[in-house]
Amino acid sequence: MASYFQNIEEKNINSSDILSELNPEQQEAVEQTEGALLVLAGAGTGKTRVLTTRLAHLLKSGVAKPHQIMAATFTNKAAMEMKERVSELLGGVPIDGWWIGTFHSLAARMLRQNAEKVSLSSNFTILDMDDQMRLVKQIAELEGVDTKKFPPRLLMSFIDNWKNKALLPENVSVEDAGDAINGKMIKIYHLYQSRLKSINACDFNDLLLHMIVILKNPEHKDVLDLYHDQFRYLLIDEYQDTNTAQYLWLRLLAQKNKNVCCVGDDDQSIYGWRGAEVENILRFEKDFPNAKIVRLEQNYRSTPQILNAANAVISNNRNRMGKKLWSAGTDGEKIHLQGVWDGRQEAVEISGEIEALKQKDVSLSNVAILVRAGFQTREFEERFMTIGLPYKVIGGPRFYERREIRDALAYFRLVVQPSDDLAFERIINTPKRGVGSVALRQLYEFAREHGISLYDSCLALTKTTNLKPRLRATLLELIDNFERWRALLSEEAHTQTAKTILEESGYINMWKTDKSIEAEGRLENLEELTGAMAEFENMQDFLEHVSLVMEVQKNTNQAMVTIMTLHGSKGLEFDYVFLPGWEEGTFPSQRSIDEGNLEEERRLAYVGLTRAKKKLHIFHASNRLIFGSWKQLTPSRFIGELPEDIVEATSENGFYRGHQSCSSDSFSINQGNSTRAVISTTSNSFTNNIKGSNQVGHRVSHTSFGSGTIVGIEGDKLEVKFDRAGRKKIMARFVEFIT
DNA sequence: GTACTCTCAGTTTTT
DNA sequence: CTGAGAGTAC
């Protein structure tokens, strides 16, 4: 560790150089190195920068050595950026091994050092959501719970909520559990936890939870003492997003030295549903009586118009600490507000705007589309694909969640960790080798009876004659393979072994012989997987990375439009930001309206608005296809909260003007057992929903009506007789119904 | 044990 | 509309 310190000394950088770029308030926050400090800062005020600079300053001024500082962030991206920036500030020192990372990765690292204290071994597996669901489902079924009525998702959400609050099964009060799942939920939680231990695994929340248990246990006071001695300084980003478990963990670590620096913004608290407690920010002064609070309100990111809009919207929230962002800038364009007919037109208009920006030599990497929910990205993807506009969807279907990747990982996991029953189950019959549900049940029963893992059951049963000869031979071969692969792992490069495993298990071949279109892509993904592995020293490290970092870094130099959720956009900024789908039910989402959780939703709007540096475009559609049926929508209440004088509203097709909700341009149809409709073929936003040729007698299908037959053509109008009664609402503007 | 067809429920947001 | 899971026929 001393070598890091020397490196920093050798670099010829002054403390004052580090600080020179900051304003007085920011400097104050950076320079106070002793005691507790809360930086309350609005969007775009450089709060993360303060945190990063403070870290560099602690090192540069010689107050601390790298391993004495722990910096926690919520996303891997934020952690990586912090590392890069710190390294840069210190003149390019290597930052490997420093305690900068996400809450989960830091806790995981600690837990590996202490796993045996919660009866795990240090090579425990970290389960992903899919594994968690399958596990809880199995348990529920064994307990006779109807998993149709109580889906695993729901069961898991009970457990997650308790874990977010740092409640162990024995601490969940009966009142807390209520009569959840007929009073069985606590028992399921108990069983879930013991099952995790028996397969030597943790879920995400356990990483923190186990550490809290250890640090709180007087028997392990030595562990707490050790960390107290080591971590002299704690730095926490996005403090408003901490849940109770994270809060307790931090407090345990901080209680001796009390050198804590948190930065946060109560207006950007958007993770309440994940257990985040904004109260943690409010409680800060109580937890650390001499805490100093620095407020940052000068925004360096956005134009006055954008700030104005953000301030206006967020001021409708009652429950906030209150702060008002200001900017020294004066120039800026009005906010562009546009109503469109439907989701398709929304995509068309936005792609048009982006093309226009491109004409003006704006780099596409400065443009983002921020949506409320993942499904909204689809319409844009289709449009961008059609017109060939480069784009990337962040947080879409994730690399490590793809089927082939999860299968491959299950093989690797089982090699490293034979007790991983979930991995075993996943690959035992993939590729198909005649070990179906019957065989699996037999293994299961044996495993339960003897309290051992499925792999060990395999091992034991193949030594007996209890299995059918064919099955026995198959399993023997498989075990033999696994033992060999495990041995290989310590002999040769892990990337080589990985390839061998996929090859010899027949997995690669399974996709090579698959005739479906995706097969080729899957093989490419597998290549990419083994490629990504090379960056890690061994298989164990790689698997850890995979479970904590779901995203794979794709380095591409092409500038692309970013499409992502509002949640994913926190902490980022773009020159041009498009905010589609500002309708009641879309944003704010129906769920948050139903649950009366509009303040968090409004904070989300605030986050979205404040991502923009130069210009904001807000869109809302009158009609949207939801679950395959058309729904009419009214503009979001948040639109009404924008100050009129900074908004420039435009509309296409003349069906929407200004801030009022759009008129009812639709009606429902239901005429016996079939529907006849005349459809205008010149209206592209409607006829794009029709598939088929335009000749009398030909069949067509419509996204809303289903299929029908063309009975007449006149000019640009088609008369179609649909097979069944239309039960959907349709736009009267483009369709007339024949009575 | 596998492959195909049918029904039904589901859309927030994520480490 | 789509995907998962169940049910059915080989």
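Below, chains carry the letters A, B, ... as their sequence lines are ordered, and counting in each starts from 1.
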Excluding sequence neighbours, so at least two apart, what forms side chain to side chain contact (heavy atoms under 4.5 Å, CB included) with R403(A)?
D407(A), R426(A), M510(A), W511(A), R522(A)

Quick one: K570(A) NZ to dT15(B) P, roughly how many Å, whole number?
12 Å

T75(A) has a side chain; which of dT14(B), dT15(B), dT2(B) sits nearest to it?
dT15(B)

Got a sec, which residues hit salt bridge (Lys or Arg N to Asp or Glu O under 4.0 Å) with E584(A), two or more places apart in sequence or on another chain?
R637(A)

Centroid-to-centroid, F380(A) to Y391(A), below 6.0 Å?
no

Looking at every strand, decide which applies to R378(A) at a 4.0 Å heavy-atom threshold: base, sugar-phosphate, or nothing.
sugar-phosphate

Please answer whether the main-chain N or O of R274(A) pairs with a side-chain N or O of N164(A) as donor and acceptor at a distance below 3.5 Å.
yes

Grab the CZ-P distance between R274(A) and dT13(B) for me, whole Å please.
13 Å

Using the salt bridge (Lys or Arg N to Asp or Glu O under 4.0 Å) criterion, which residues pair with D146(A)? Sequence neighbours excluded.
none

Find the distance L154(A):CG to dG10(B):P and express it as a whole number of Å.
11 Å

Could you tell me how far apart K77(A) (NZ) and dT15(B) (P) are, to the nearest whole angstrom?
12 Å

Can you confirm whether the side chains of E277(A) and Q246(A) place a donor and an acceptor under 3.5 Å from each other?
no

Proximity to DNA chain B (any heavy atom under 4.0 Å), residues of residues 240-252 of chain A only
none

Take the protein atom CZ of R153(A) and the nucleotide atom C1' of dG3(C), then report the distance between them rounded to whole Å.
14 Å

With sequence neighbours left out, the residues meeting salt bridge (Lys or Arg N to Asp or Glu O under 4.0 Å) with E600(A) are R603(A)

What residues form a salt bridge (Lys or Arg N to Asp or Glu O under 4.0 Å) with E583(A), not counting sequence neighbours?
R624(A)

Between P on dC8(B) and CZ on F627(A), what's the gap in Å once rounded to a whole number?
16 Å

H567(A), nearest nucleotide to its side chain (from dT14(B), dG1(B), dA3(B)):
dT14(B)

Please identify each residue that fulfils side chain to side chain contact (heavy atoms under 4.5 Å, CB included) with R251(A), with sequence neighbours left out.
Y247(A), L248(A), D287(A)

Does the structure show W273(A) stacking with dT13(B), if we require the centres to be closer than 5.5 Å and the planes to be within less than 30 degrees of parallel?
yes

Find the distance I428(A):CD1 to dG1(B):C1' and express it as a whole number of Å.
15 Å

Position toward the 5' end of DNA chain B (nearest nucleotide), I626(A) or V435(A)
V435(A)

If stacking means aromatic ring centre less than 5.5 angstrom from the base's six-membered ring centre, planes under 30°, is Y271(A) stacked on dT14(B)?
no

Going by the rule ring pair (Phe, Tyr, Trp, His ring centres under 6.0 Å), which residues pair with H567(A) if we only count those two or more places apart in sequence or in a different chain?
Y271(A), W273(A)

Check the distance between dT14(B)'s P and I126(A)'s CD1 and give it to me in whole angstrom.
20 Å

Please determine whether a side-chain nitrogen or oxygen atom of N429(A) lies at a distance below 4.0 Å from atom OP1 or OP2 of dT2(B).
yes

Using a 4.0 Å heavy-atom cut-off across all strands, classify F74(A) as base, sugar-phosphate, or nothing.
sugar-phosphate

Going by heavy atoms closer than 4.0 Å, what residues in residues 585-592 of chain A are next to DNA chain B?
S589(A), R591(A)

Between N597(A) and V438(A), which has a closest nucleotide on DNA chain B that is more 5'?
V438(A)

Among dA6(C), dT15(B), dT2(B), which nucleotide sits nearest the side chain of T102(A)?
dT15(B)

Looking at dT13(B), dT2(B), dT15(B), which one has an atom nearest to any side-chain atom of T565(A)?
dT13(B)

